[in-house]
Structure formats: C-alpha cells, structure tokens
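Data first, discussion second: the structure below is written as structure tokens.
Order of the sequence lines sets the chain letters (A, B, ...), proteins ahead of strands, with each chain counted from 1. In what follows, every heavy atom counts, from backbone to side chain, and hydrogens, waters and symmetry copies are set aside. Because the structure is predicted, anything quoted here is derived from the model rather than measured.
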There are 2 protein chains.
Amino acid sequence: MSPKRAQSGDAVPGGVWLREPRPASRAPALTRERIVAAAVEVLDQGGAEGLSMRRLADALDVHATSLYWHVSHRDDLLDLALDAVFGEVAASGGASGSWRADVAAFMGGLRAALLRHPWSAALAVSRPLLGPNALAHSESVYAALARAGLAGLDLRAGAAAVSTFVIGSVAAEAAWRHPGAAAARAAVNDHLRGSADRYPTLAAHAVTGEEDWATHFTRGADAFLHGLAVLGADRPEQG
Amino acid sequence: MSPKRAQSGDAVPGGVWLREPRPASRAPALTRERIVAAAVEVLDQGGAEGLSMRRLADALDVHATSLYWHVSHRDDLLDLALDAVFGEVAASGGASGSWRADVAAFMGGLRAALLRHPWSAALAVSRPLLGPNALAHSESVYAALARAGLAGLDLRAGAAAVSTFVIGSVAAEAAWRHPGAAAARAAVNDHLRGSADRYPTLAAHAVTGEEDWATHFTRGADAFLHGLAVLGADRPEQG
DNA sequence: ACCTGAACACCGTTCAAGT
DNA sequence: ACCTGAACACCGTTCAAGT
C-alpha cells in the first residue's frame, strides 16, 4: 500500500548483505506507459470520477506527487487513457471495395472499443481527439468518405457526424448500463405511462422492456450512411 | 459574501426598534427555482467544474449545507440545470405539414439553446434526459418521426439518433469555443501538415481555418434526415 | 420546516528537498 | 533525472443543533 523501498540502510552490522545494491541501469520506476495502463485499469473499475491522483499512485505503489513528473495535469491522464482506447480499435485494413461497408466496420469497431471502457465515450464527446490513435482512426474514416465522393466542408461534416454518432450513441448506452438500470427503466416506463396526456407519443412508442442497443445502433448508422451516400452523389466536387 | 442576517438581537436598550420583526409569512429563503437559476448562472460563468456547493451557496448568500435541504446531491443540481436549458428551446408549435421541416426546426432550436450554455451539451450526453422539458422535446421529435412513417424500434432508434447528433455536435463545437481555440486550431493544422505521411487524407482535407459550425451542422442534419426518410419509406409498418 | 456550524474524508497541485 | 513529503486551498456530504 504505502510506497516504500529499502533504500537507506540502517546501521546494522553486516547489513550490506541485506541490502540490494543500487541498480546499475537506474531504470525509472515510472513510465508514461505504465501510468497510462494503470489509469485505464482504475478508470475501468471506478469510472472517471474514481480516478484520483492518489488512488492511481497507490495502484502504482508510488506517491501521488510523483505522477507530476510524467504528466502535467489530471486531464492529461484522461486524454492519454482515452487515446489508449482508440488504440484498441481493430485496424481492419481498409479498402474492401465498398466505402460504405468500410465506414460501417469502423463505426462498429469504435463502438466495441468504447463499450469495453464505459467511461470513455462520455469523455470523448467533450475532448478534442488528437492522440495518434484517434487521428489514425479519423484518417481511415476520412479516406473512406473521400472515396464516397465527399470533399471539403462536406467531408469534414460527414466525418465529424460519423464520430459524433458513434460516440454519442455509446455514451447514451453506457449511461443505461449501470447496475440497477433495469429498475430505472421500469420507473421511467411507469412515469411515461402515467403522463400519457402530456407525452402521448412517448407513452405509446417509447415504452419498452430491455432495449436492443446493437440493432438500435446499426439501424441508426444505416440511415446515416444512406444520407451520406446521397450527399456524396449530390455534390461530387466541392472545395 | 458571508451569509448573515440580523436575527438574534444583542441586549441593546431600545433595540427592539432597530430589529426587524419576525416576518409573518416565513417564506423560505431558498427555493428550488432560485437555486436552479443561480446554478445555471454559475455554470455559465465557470462551467461544470466551476459549480461547487460552496460557490453556489455563496451566490445565494447562504451556507453550503443549506442546499441539501432542497436537493440531495450535486448531481441533482446538474440535472435540474440541464432541464432548464431544455426549457429554453422554443416550443415552435408542431405540425407545419412537413415532418422533415419540423424535425429540422427542433434540432436547430435545441442546438441554439445548448450553445447558449456551453457546459450543457457535454452534460447531456452522459445523463438520462428525463426532466419535464427534455421529455416535452422528445415528445415533439417522436411525434414528427411517427408522421414520417417510423414505428417501434425504428422510431426509437431514429429519435435517439436525432438527439445524439444534435447534442454530440454541440459538445464538439463547444469544446472548440474556448479562448485560445484559434491558436489550438493552428497548432493542430501544423501537426497534421507535418504528419502528412501518417495522415495523408487528414493533411489534405481536415486542415482548415475557422470552421463554419452552422453549415457543418445543417449539412450533417440534412444527410441524416434524408436517411431517416428512407428508413420510414422502407419499413412503413413495424412494431 | 428550514437553515447553521462543525466536522470528516477526501481532492489537485506546488515546491523545496532528497538521492 | 526522478521521486518524496509537507503543505495549500479547496472539495461533497453528514449530522446534531438551532429557530
């Protein structure tokens, strides 16, 4: 628990033999990679608000203030951890012939990675995604949409919309995946049914048992990709 | 600054005249409405992380612990403030004849309200939107999409996608609207141009001066609504 | 019913000091 | 170069007490 190592030997006679020699290569105990890996683990267990500098330091058997040598804010930690999640997205090559199938695959891959780390989607909406892994993913989407005929502002809008849709969907899904979500959903259904006069359409159509998030997602993505295809066909060249 | 009122009179002779009589109607100093209004103001000034119980209490000339009589967590405050933002969305009636025009109007109205309170979109992605104003907005969207021919799972997926797109877009936009965003954007552009080997498509197409968020948004929304129209036409009836 | 005040167990971050 | 330890200015939340 408390970070201690045998360093300053007490004056015990013959104590040399009991002490480790100073390591020759002096490899730093902490590295960015170790810190980020530990941060992802802590985040997986306790969510974003469970990641404190002290708790992370504890997990690394180190003092909280030591982290500041490798990282300048807590926010940096979050950004690094988030990019690590983007790094888990299967690269899945690229040109399969159909840009639409490629983009759908990218979206599905990102969704899977974000779902594996339920804290990540909520974070991704509000932070600029500029890490190397996030950029690599962006590059793939841009390339596929360019093949669809999008360019300039349309291309940027399309790519942004794709990310926004995936990340936003997972964030919503993750918000409903906590323990006790079933009870919460039942309470919502009761509330809607009881307010059928104020929310008639919701009472009739929004009430549901366990939602099927996966087809929810693919169906929305389908609609979306269809719209993008039309956008590409409508404006074949544009700066 | 510090919350004080003349209550317990010191034993000054004739001091009765100097003290206010105990107010007859004993109206509570704090109400939920006052608290929420103040919270929105504090959030507008300092963002989500600038809202602390103590700071909010200060703004209301009250002790921090007094807030807990009216509200049970800080999270409640955030949810209430968020629903207040949804309350700012112009109701804009409904049936204009074209469901698509109606949904586009709802999306634009929500975007405007969220942009007025830059902290709100990032919050909206990760919290269930169950306040009365959020539900009223949902009801409008559901009703319009039902007129488009969507039903059952398609309707829920479509409505969720509409909200997700709007809220996610504003969150991204808000993240780029801080002071110094221009410098940040320039740095990003430099970085992308310098990494043209790794991100060729980004270097060619993602680099831009000041982004035009509004047309960015409407173009994405257009593509999206087009896809939803197809979804409605493809599956005219479905539970 | 509504507000105060003290208290508890935390936070992120700094900075001088050690090795 | 890298880590420690003390310190500062905060946090959310509880609970008994006042009126």
Roughly how far, to the nearest 0.5 Å, is CG of B/Leu82 from CG of B/Leu129?
->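 Reported value, rounded in 0.5 Å steps: 6.0 Å.
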What is the distance from atom OG of B/Ser72 to atom CG of B/Leu67, rounded to the nearest 0.5 Å?
->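 Spacing of OG (B/Ser72) from CG (B/Leu67) equals 12.0 Å.
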Nucleotide [N], atom [atom2] - distance to [atom1] of [X] in whole Å:
X: B/Arg32; N: C/dA1; atom1: CZ; atom2: C1'; answer: 16 Å
X: A/Arg34; N: D/dC2; atom1: CZ; atom2: P; answer: 14 Å
X: A/Leu60; N: D/dC3; atom1: CG; atom2: C1'; answer: 13 Å

Please tell me if [X] has a side-chain N or O lying less than 4.0 Å from either OP1 or OP2 of [N].
X: B/His70; N: C/dC3; value: yes
X: B/His63; N: C/dA6; value: no
X: B/Trp69; N: C/dC3; value: no

Under the salt bridge (charged side-chain N to carboxylate O under 4.0 Å, His left out) rule, what pairs show up with a residue in residues 65-75 of chain A, not counting sequence neighbours?
->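 For residues 65-75 of chain A: A/Asp75-A/Arg127.
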Selection residues 175-199 of chain A - residue pairs positive for salt bridge (charged side-chain N to carboxylate O under 4.0 Å, His left out), sequence neighbours left out |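 Applying salt bridge (charged side-chain N to carboxylate O under 4.0 Å, His left out) to every pair that reaches into residues 175-199 of chain A, excluding sequence neighbours, yields A/Glu173-A/Arg177, A/Asp190-A/Arg193.
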Where does the angle between the aromatic ring planes of A/His191 and A/Tyr199 fall among parallel (under 30°), tilted (30 to 60°) and perpendicular (over 60°)?
->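 A/His191 and A/Tyr199: tilted rings.
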By salt bridge (charged side-chain N to carboxylate O under 4.0 Å, His left out) - contacts of B/Asp83 (at least two apart) |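 Scan of B/Asp83 (salt bridge (charged side-chain N to carboxylate O under 4.0 Å, His left out), adjacent residues dropped) gives none.
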How does protein reach along nucleotides 8-14 of chain D, written 5' to 3' as B (base within reach of a heavy atom under 4.0 Å), S (only sugar-phosphate), or - (no contact)?
-> ---BBBB
Residues in side-chain hydrogen bond (donor to acceptor under 3.5 Å, both in side chains) with A/Thr201, at least two apart?
->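 Applying side-chain hydrogen bond (donor to acceptor under 3.5 Å, both in side chains) to A/Thr201 gives B/Glu139.
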DNA chain C in dot-bracket, Watson-Crick or G-U pairs under 3.5 Å, [ ] crossing, | other strand?
-> ||.|||||...|||||.||
Which atoms form the tightest heavy-atom contact between A/Ala113 and A/Glu88, and what is the distance?
->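 It is CB-CB, 4.4 Å.
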